[in-house]
Amino acid sequence: MCLFCKIIKKEIPAALAYEDNDVLAFYDINPQAPKHILVIPKKHIESLNTLVPEDSAVIANIYQVIPQIARTEGIAESGYRVVANTNRDAGQAVAHLHFHILGGRQMQWPPG
């Protein structure tokens, strides 16, 4: 079982930012910005590469939840970045699809 699945099952504690039936969001333990929240589907999906049509509803839900979290965290107006790393070369450290919400500071471009 992956690290994020253990967090979903409450086997590993996490500071939650949001939860519903399909989505869990929690604060990153190694934040890269003043606001750094991970948003994950509760269903184990390894990466963007493994999405199937049946996952469309949960992905749509995630993209509806992200601006809600940004508003709650006070970064919606100033701006925030959403990142989904896919596989090792992109920096995906946990093989469970996750979206980083980064905000609270000026972002640079290009990012990597």
Find the distance between [atom1] ([X]) and [atom2] ([Y]) and round it off to the nearest 0.5 Å.
| X | Y | atom1 | atom2 | result |
| --- | --- | --- | --- | --- |
| Ile101 | Ile69 | CD1 | CD1 | 4.0 Å |
| Arg105 | Leu102 | CZ | CG | 7.0 Å |
| Ile37 | His98 | CD1 | NE2 | 14.0 Å |

Taking the side chain as every heavy atom from C-beta outward, state whether [X] and [Y] have any atom pair closer than 4.5 Å.
| X | Y | result |
| --- | --- | --- |
| His96 | Ser47 | no |
| Leu38 | Phe99 | no |
| Ile45 | Val58 | yes |
| His44 | Met1 | no |
| Leu24 | Phe26 | yes |
| Tyr63 | Val82 | yes |
| Ile12 | Phe4 | no |

_Around atom NZ of Lys9, are there more than 12 heavy atoms from other residues, nucleotides or ligands closer than 6.0 Å?_
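Check fails, neighbour count at 12 or below.
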
*Quick one: do Tyr27 and Ile7 end up in the same hydrophobic cluster if we chain Ile, Leu, Val, Met, Phe, Trp and Tyr together by side-chain heavy atoms under 4.5 Å apart?*
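Each belongs to a different hydrophobic cluster.
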
*Does Ile66 belong to the same Ile/Leu/Val/Met/Phe/Trp/Tyr cluster as Val83, with side-chain heavy atoms less than 4.5 Å apart forming each link?*
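No, separate clusters.
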
*Tell me, which pairs form a side chain to side chain donor-acceptor pair (under 3.5 Å) where one or both residues lie in residues 30-40, sequence neighbours left out?*
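Qualifying pairs: Asp28-His36, Lys35-Glu73, His36-His100.
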
_Which residues pass the side-chain contact (heavy atoms from CB on, under 4.5 Å) test with Asp20, not counting sequence neighbours?_
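With sequence neighbours excluded, Asp20 shows a side-chain contact (heavy atoms from CB on, under 4.5 Å) to Tyr18, Asp22, Val23, Asn61, Val65, given in chain and number order.
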
*Under-4.0 Å salt bridge between Glu77 and Arg71*: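 Judged by the 4.0 Å cut-off on N to carboxylate O distance, Glu77 and Arg71 do not form a salt bridge.
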
*Do the charged groups of Lys43 and Glu54 touch, with an N to O distance under 4.0 Å?*
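No, this pair does not count.
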
*State, to 0.1 Å, how close Val39 and Ala25 come at their nearest heavy-atom pair, and which atoms those are.*
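Val39 and Ala25 have their closest heavy atoms at CG2-CB, 4.0 Å.
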
*Identify the two heavy atoms, one from Gly104 and one from Pro34, that lie closest to each other, and give their separation to 0.1 Å.*
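For Gly104 and Pro34, the tightest heavy-atom pair comes out as O-CG, 3.4 Å.
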
*Let me know which of Ile59, Ile40, Thr86, Thr50 forms a side chain to side chain contact (heavy atoms under 4.5 Å, CB included) with Leu97.*
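Answer to the side chain to side chain contact (heavy atoms under 4.5 Å, CB included) test with Leu97 among Ile59, Ile40, Thr86, Thr50: Ile59.
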
_Backbone of Glu46 reached by a side-chain donor or acceptor of Gln92 within 3.5 Å_ =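 Yes, the answer is positive, given that a donor and an acceptor are paired below the 3.5 Å cut-off.
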
